[in-house]
Amino acid sequence: MDSIRIRGGRPLEGAIPIGGAKNAALPLLAAALLTEDRLVLSNLPSLADITTMVKLLAQHGVICAIDEARDAANGGRVITLDAGRISNTTAPYDLVRKMRASILVLGPLLARVGEAQVSLPGGCAIGTRPVDLHLKGLEELGAVIELEGGYIHATAPKGLKGAHIRFPFVSVGATENLLMAAALAEGTTVLDNAAREPEIGDLARCLTAMGARIEGIDTETLTIHGVARLHGATHAVLPDRIEAGTYAIAGAITGGDVELTGLDAELIRSVLDKLEDAGVRVTPTARGVRIARTDGPLRGTDVMTQVYPGFPTDMQAQFMALMTVAEGAAMVTETIFENRFMHVPELHRMGANIVLHGASALVRGVPRLNGAPVMATDLRASSSLVLAGLAARGETLVNRVYHLDRGYENIEAKLAACGADIVRVAGGA
Ligand SMILES: CC(=O)N[C@H]1[C@@H](OP(=O)(O)OP(=O)(O)OC[C@H]2O[C@@H](n3ccc(=O)[nH]c3=O)[C@H](O)[C@@H]2O)O[C@H](CO)[C@@H](O)[C@@H]1O
Ligand SMILES: C=C(OP(=O)(O)O)C(=O)O
């Protein structure tokens, strides 16, 4: 297993290009199952999760052709998906256990073919993460669902029928699954208390380009008038706001000056606001946003994770890393996942002062972190350790880099181009 070795203490300077969003690309890829025509997606990031989703679609019978040549407009890859013939409706355990977003094939398969067998994703390091809202919503659209042998067996003997669904709380994945299923259901579906994350707007816009009839895009009430078939379309994947937020913190934690390019700063407004509160200078530029530390110290700043447009849970670990070297104290509260503090003991090993109280972490800033070998259990925890390593004195070895490769394309190359001393080392724990 590869590791990443960082020798910290260098301020980052330069431009960092932001790629297509993993969490937008995954549902968009699943949406290819909804049409027998071709769906072409550009700005596709090169990430382990994308490879897993493409493998999953391929074993369903989707012909997937990736053009590795970077497209001129935004630098990402282009994929052409052809789900003309769906030959298999099972999403097997081996692929689903690697990536929970595999559950997103359930709604499209059910809507298009009338059946699907999808392995239950199970929990992961950040929480139990049940899929009850996905299943209940599909049942409300008329699906019959049974759980057996660790699999969801779903059928829609009479086809899916529009319904009024009110989610008891906001779920990104359940909103996406139901939106895709409703696009091909008979009649009108209303999704109340739907998630408003930008990746859902991106999916809804792509579905609209495919012929879906959706009202209320980017609001908490989505109204979908089902159509008999969807057609092909071409769509560019939204920029990755979490990758952008992570690199914004890389600039801030090293006292550097970086420009994040290819990004609409509004996508990370809540993160940028908190960075400004913490004493970081944020300036819009023609290409994106510039992040620079002012002369003053970083200030302890409280954050609480919330659904969009609030502070994203996927940025909590990274912001906590920043707060470990801020002046004063910061309360970091996680409200979305019950166990998303796995980075805390590793940050302790680097000299951070963090006390956990249930869903909150009290972070008291220290003058500096010290490099150490560290290990992470999930994607964003790994990136918080890279950020801590960039600021720390001495050498940090981040093990289990495969977590990072799920969500960050060329992380070491992007950081090294701005002056970081960071390399990938083959082998390790
Ligand atoms: C691939 C992808 O886009 N992943 C994102 C997506 O995950 P994901 O779609 O899994 O997250 P959800 O919004 O569904 O989860 C929010 C909360 O609801 C709970 N829940 C969810 C569904 C359900 O049926 N029952 C249930 O109890 C979850 O355990 C969690 O506590 O949104 C999360 C919240 O912004 C992000 O952290 C993830 O990066
Ligand atoms: C939690 C994340 O992804 P997933 O939902 O795929 O686990 C993430 O992107 O931070």
Side-chain angles (χ1 to χ4, degrees), residues 19-30 45 47-53 56 95-107 118 120-140 145 147 152 165 167-180 191 193-203 220 237-238 240-246 270-271 305-319 334-340 342-343 359 376-384 402-409:
K22 161 179 93 71
N23 289 351
L26 293 172
L28 287 167
L29 289 167
L47 299 168
D49 273 15
I50 300 298
T51 307
T52 305
M53 184 58 100
L56 181 62
L95 289 171
V96 178
R97 78 184 162 82
K98 277 196 188 155
M99 186 187 65
R100 300 181 43 83
S102 309
I103 187 76
L104 294 174
V105 300
L106 178 60
V118 177
L120 271 166
C124 73
I126 62 176
T128 49
R129 304 185 76 178
V131 290
D132 53 322
L133 299 191
H134 302 236
L135 304 187
K136 192 163 171 294
L138 290 169
E139 282 175 338
E140 288 182 57
I145 294 184
L147 302 181
I152 302 159
I165 296 167
F167 295 113
F169 52 88
V170 173
S171 161
V172 171
T175 303
E176 291 165 344
N177 238 335
L178 270 293
L179 176 60
M180 290 190 278
L191 302 178
N193 203 21
R196 284 186 288 156
E197 269 62 9
E199 293 74 23
I200 290 168
D202 203 36
L203 173 64
E220 61 178 31
V237 178
L238 188 79
D240 196 319
R241 64 194 167 102
I242 306 301
E243 185 195 24
T246 304
S270 60
V271 175
T305 62
Q306 298 284 1
V307 298
Y308 193 84
F311 191 92
T313 172
D314 292 351
M315 282 300 304
Q316 179 257 108
Q318 302 90 313
F319 199 83
E334 172 60 52
T335 72
I336 309 290
F337 292 106
E338 69 269 24
N339 188 31
R340 208 170 193 181
M342 303 295 279
H343 40 286
T377 45
D378 69 86
L379 168 57
R380 307 305 168 185
S382 311
S383 65
S384 77
Y402 60 87
H403 287 298
L404 276 175
D405 292 337
R406 283 189 51 217
Y408 294 92
E409 181 173 344

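In each ligand, atom 1 is the first atom listed, and ligand 1 is the first ligand listed.
Listed by number with element, the atoms of ligand 1 under 4.0 Å from a non-hydrogen atom of V131 are 23 (C), 24 (O). Taking a cut-off of under 4.0 Å to the non-hydrogen atoms of L133, the atoms of ligand 1 that pass are 23 (C), 24 (O), 25 (N). The ligand atoms of ligand 2 that sit less than 4.0 angstrom from a heavy atom of N23 are 9 (O). The atoms of ligand 1 that sit less than 4.0 Å from any heavy atom of I336 are 16 (C), 17 (C), 30 (C), 31 (O). If you number the atoms of ligand 1 from 1 as listed, the ones under 4.0 Å from a heavy atom of D314 come out as 36 (C), 37 (O), 38 (C), 39 (O).
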Problem set entry | side chain to side chain contact (heavy atoms under 4.5 Å, CB included) between F167 and I165, worked out | CA-CA 6 Å; F167 295 113; I165 296 167; 4.2 Å; yes

Problem set entry | Pair L47-D405, side chain to side chain contact (heavy atoms under 4.5 Å, CB included): steps then yes or no | CA-CA 6 Å; L47 299 168; D405 292 337; over 6 Å; no

Problem set entry | Chi angles and distances behind the side chain to side chain contact (heavy atoms under 4.5 Å, CB included) call for L203, M180 | CA-CA 9 Å; L203 173 64; M180 290 190 278; 4.0 Å; yes

For this session: Could you walk me through whether Y408 and R380 pass side chain to side chain contact (heavy atoms under 4.5 Å, CB included), step by step?
Result: CA-CA 10 Å; Y408 294 92; R380 307 305 168 185; 3.0 Å; yes

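By the criterion of a heavy-atom distance under 4.0 Å, the side chain of T313, and not its backbone, is placed next to ligand 1. Residue-level proximity to ligand 2 for K22 is carried by the side chain, the only part with a heavy atom below 4.0 angstrom. Looking at H134 against ligand 1, both its backbone and its side chain come within 4.0 Å, counting heavy atoms.
For residues 167-178, the side-chain hydrogen bond (donor to acceptor under 3.5 Å, both in side chains) pairs, not counting sequence neighbours, are H134-N177.
The nearest pair of heavy atoms linking A376 to A381 is CB-C, 4.1 Å. Y308 approaches R196 most closely through the heavy-atom pair CD2-O, 3.3 Å. The minimum heavy-atom distance between D240 and G407, with the atom names listed, is OD2-O, 4.5 Å. Residues P312 and T305 come closest through the heavy atom pair O-CG2, 4.1 Å. When all heavy atoms are compared, the tightest approach of A24 to D202 is CB-OD2, 3.7 Å. Looking at every heavy atom in both residues, N339 comes nearest to A125 through ND2-O, 3.0 Å.
Note on R340 versus D314: salt bridge recorded, some NZ/NE/NH1/NH2 to OD/OE distance being below 4.0 Å. The pair K22-E243 does not count as a salt bridge, with every side-chain nitrogen at least 4.0 angstrom from each carboxylate oxygen.
The protein heavy atom nearest to atom 20 (N) of ligand 1 is F169 CE1, 3.7 Å. Annotation: atom 7 (O) of ligand 2 to nearest protein heavy atom, R129 NH1, 2.9 Å. At the shortest separation from atom 6 (O) of ligand 2 among protein heavy atoms lies R406 NH2, 2.7 Å. Nearest protein neighbour of atom 1 (C) of ligand 2, counting heavy atoms only, is R340 NH2, 3.4 Å. If you check which protein heavy atom lies closest to atom 28 (C) of ligand 1, you get F337 CE2, 4.1 Å. Scanning all protein heavy atoms for the shortest distance to atom 10 (O) of ligand 2 gives R380 NE, 2.7 Å.
Contact analysis puts R129 in contact with ligand 1, with a non-hydrogen atom separation below 4.0 angstrom. The shortest heavy-atom distance from R340 to ligand 1 is under 4.0 Å. For Y308, the heavy-atom gap to ligand 1 stays at 4.0 angstrom or more.
Considering backbone and side-chain N/O atoms, A101 never comes within less than 3.5 Å of an N/O atom of ligand 1. Considering both main-chain and side-chain atoms, A174 never comes within under 3.5 Å of ligand 1 through any nitrogen or oxygen pair. Residue S171 has at least one N or O atom closer than 3.5 Å to an N or O atom of ligand 1. For a threshold of 3.5 Å applied to N or O pairs, the pair formed by V172 and ligand 1 contains at least one separation below that value.
Around atom 2 (C) of ligand 1, the closest heavy atom drawn from L135, D132, N177, N23 belongs to N23. Compare G173, P130, P312 by their heavy atoms: the one nearest to atom 22 (C) of ligand 1 is in P130.
Between L135 and L106 the shortest side-chain heavy-atom distance falls below 4.5 Å.
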